[in-house]
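Only one structure is covered here, and it is reproduced in the block below.
Numbering of residues begins at 1 and proceeds along the displayed sequence. Ligands are counted one by one from 1 in listed order, and the atoms in each one are counted from 1 as well.
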Amino acid sequence: MRLRNIKGADEAIENSEYCIKNPESLKGNWQSVFPSSQPLHIEVGMGKGRFIMDLAAANPDINYIGIERYTSVLYRAVQKMELTPLPNLRFLCIDAATLPDVFAPEEVARIYLNFSDPWPKDRHAKRRLTSREFFARYNQILAKDGRVEFKTDNQDLFTFSLEEIPEAGWNLVASTRDLHHDPVLNEGNIMTEYEEKFSSKGNPICKLIANR
Ligand code: SAM
């Protein structure tokens, strides 16, 4: 994701009715920000929001929170929401390392990770969103029957993620290294911005689903 400072992004997010401020105060009470009480799914590292906006539009019976660390990126999603508001979607500008401060145990029913930053240096492995350290954070907020769904075109990151699942005490439910040619896992697939970009270059897309 290109990280240019975008003029006005911080202020727009501060003032946006779609971006949640003081998220720690909502811990255990996230349903109060939505018109209907229904399962809560989150995307961590949502970028400009294409995936979660399409998902929220297709599933009005689920509430969604899109999480993105940088205001300059989140700003693009906020602009799209202003044009096409979705009652079941809100945004959060935080570092995912703080997820357990923001969501109560079992408050989240599903976590999506799409094209997460690879952090290729070994010494940065803990920062990968599919590291055992991050699975421990997801463990603190995910419902017992909840799951994590992860997509990437980065083969090394995918191999790392497959290895981290048992190390974290989780189970691999399903996986493929060629999602777009997998009739079962590709059913109903919603493309992300990065997925569109990398698959159009010919990169196969990998996907895994993990639970406990
Ligand atoms: N998910 C989008 C897609 O598939 O098109 C964007 C992918 S982009 C490579 C990864 C995004 O995750 C970036 O916007 C980055 O800022 C965000 N991100 C990475 N680490 C994060 C973290 N710890 N907390 C929140 N967002 C994070």
Side-chain angles (χ1 to χ4, degrees), residues 1-6 9-10 12-13 18-21 23-24 41-58 64-81 89-103 108 110-121 123-142 148-158 160-161 164 168 179-180 185-186 188-201 203-209:
M1 190 62 62
R2 255 178 96 200
L3 287 178
R4 271 177 303 144
N5 249 343
I6 294 184
D10 290 356
I13 282 156
Y18 306 120
C19 298
I20 304 298
K21 270 68 74 175
E24 291 85 356
H41 294 186
I42 67 174
E43 184 187 9
V44 179
M46 64 170 226
K48 296 175 189 166
R50 169 179 161 177
F51 170 83
I52 201 159
M53 292 187 78
D54 287 351
L55 203 58
Y64 293 92
I65 304 276
I67 295 169
E68 169 54 50
R69 165 166 61 173
Y70 294 114
T71 55
S72 53
V73 183
L74 178 55
Y75 184 40
R76 299 302 182 204
V78 169
Q79 288 175 316
K80 285 187 251 174
M81 269 282 269
L89 174 62
R90 291 292 178 269
F91 301 128
L92 200 46
C93 194
I94 57 163
D95 183 330
T98 66
L99 284 173
D101 301 331
V102 165
F103 296 102
V108 174
R110 190 173 301 176
I111 299 173
Y112 292 101
L113 310 169
N114 293 314
F115 296 81
S116 308
D117 297 337
W119 293 105
K121 291 184 180 141
R123 67 189 157 90
H124 290 150
K126 285 182 183 177
R127 300 185 192 177
R128 298 175 194 149
L129 295 184
T130 51
S131 63
R132 64 196 74 181
E133 288 80 6
F134 269 95
F135 274 110
R137 294 181 177 109
Y138 307 146
N139 196 34
Q140 291 181 64
I141 64 169
L142 198 63
V148 169
E149 297 198 7
F150 170 55
K151 293 195 280 188
T152 184
D153 70 319
N154 185 311
Q155 295 290 334
D156 289 344
L157 179 62
F158 194 67
F160 167 85
S161 308
E164 287 296 273
L179 175 64
H180 295 174
L185 286 182
N186 199 43
N189 183 49
I190 289 182
M191 297 261 264
T192 81
E193 265 146 3
Y194 272 62
E195 184 172 354
E196 177 93 45
K197 186 164 112 183
F198 290 123
S199 61
S200 70
K201 287 183 182 169
N203 296 9
I205 305 301
C206 307
K207 177 171 180 173
L208 66 80
I209 299 173

With heavy atoms under 4.0 Å as the rule, classify the contact between I94 and ligand 1 as side chain, backbone, both or neither.
backbone

Does an N or O from G45, backbone or side chain, lie closer than 3.5 Å to an N or O of ligand 1?
yes

If only atom types and distance count, is the side chain of R110 paired as donor or acceptor with the main-chain N or O of H41 below 3.5 Å?
no

Out of E196, R50, R128, E68, who gets a non-hydrogen atom closest to atom 14 (O) of ligand 1?
E68

Is N114 in polar range of ligand 1, meaning some N or O pair under 3.5 Å apart?
yes

N203 side, atom CG; K197 side, atom NZ - distance, nearest 0.5 Å:
10.5 Å

Restricting to side-chain contact (heavy atoms from CB on, under 4.5 Å), what partner residues turn up for A57, sequence neighbours left out?
L86

At a non-hydrogen distance cut-off of under 4.0 Å, which region of R127 contacts ligand 1 (side chain, backbone, both, or neither)?
neither

Taking only residues two or more places apart in sequence or in another chain, which ones pass side-chain contact (heavy atoms from CB on, under 4.5 Å) with K126?
E133

Where's the contact between F115 and ligand 1, heavy-atom distance under 4.0 Å: side chain, backbone, both or neither?
both

Closest to atom 26 (N) of ligand 1 by heavy-atom distance, out of M191, K151, R69, is R69

Should L129 be counted as touching ligand 1, given the test is an N or O pair under 3.5 Å?
no

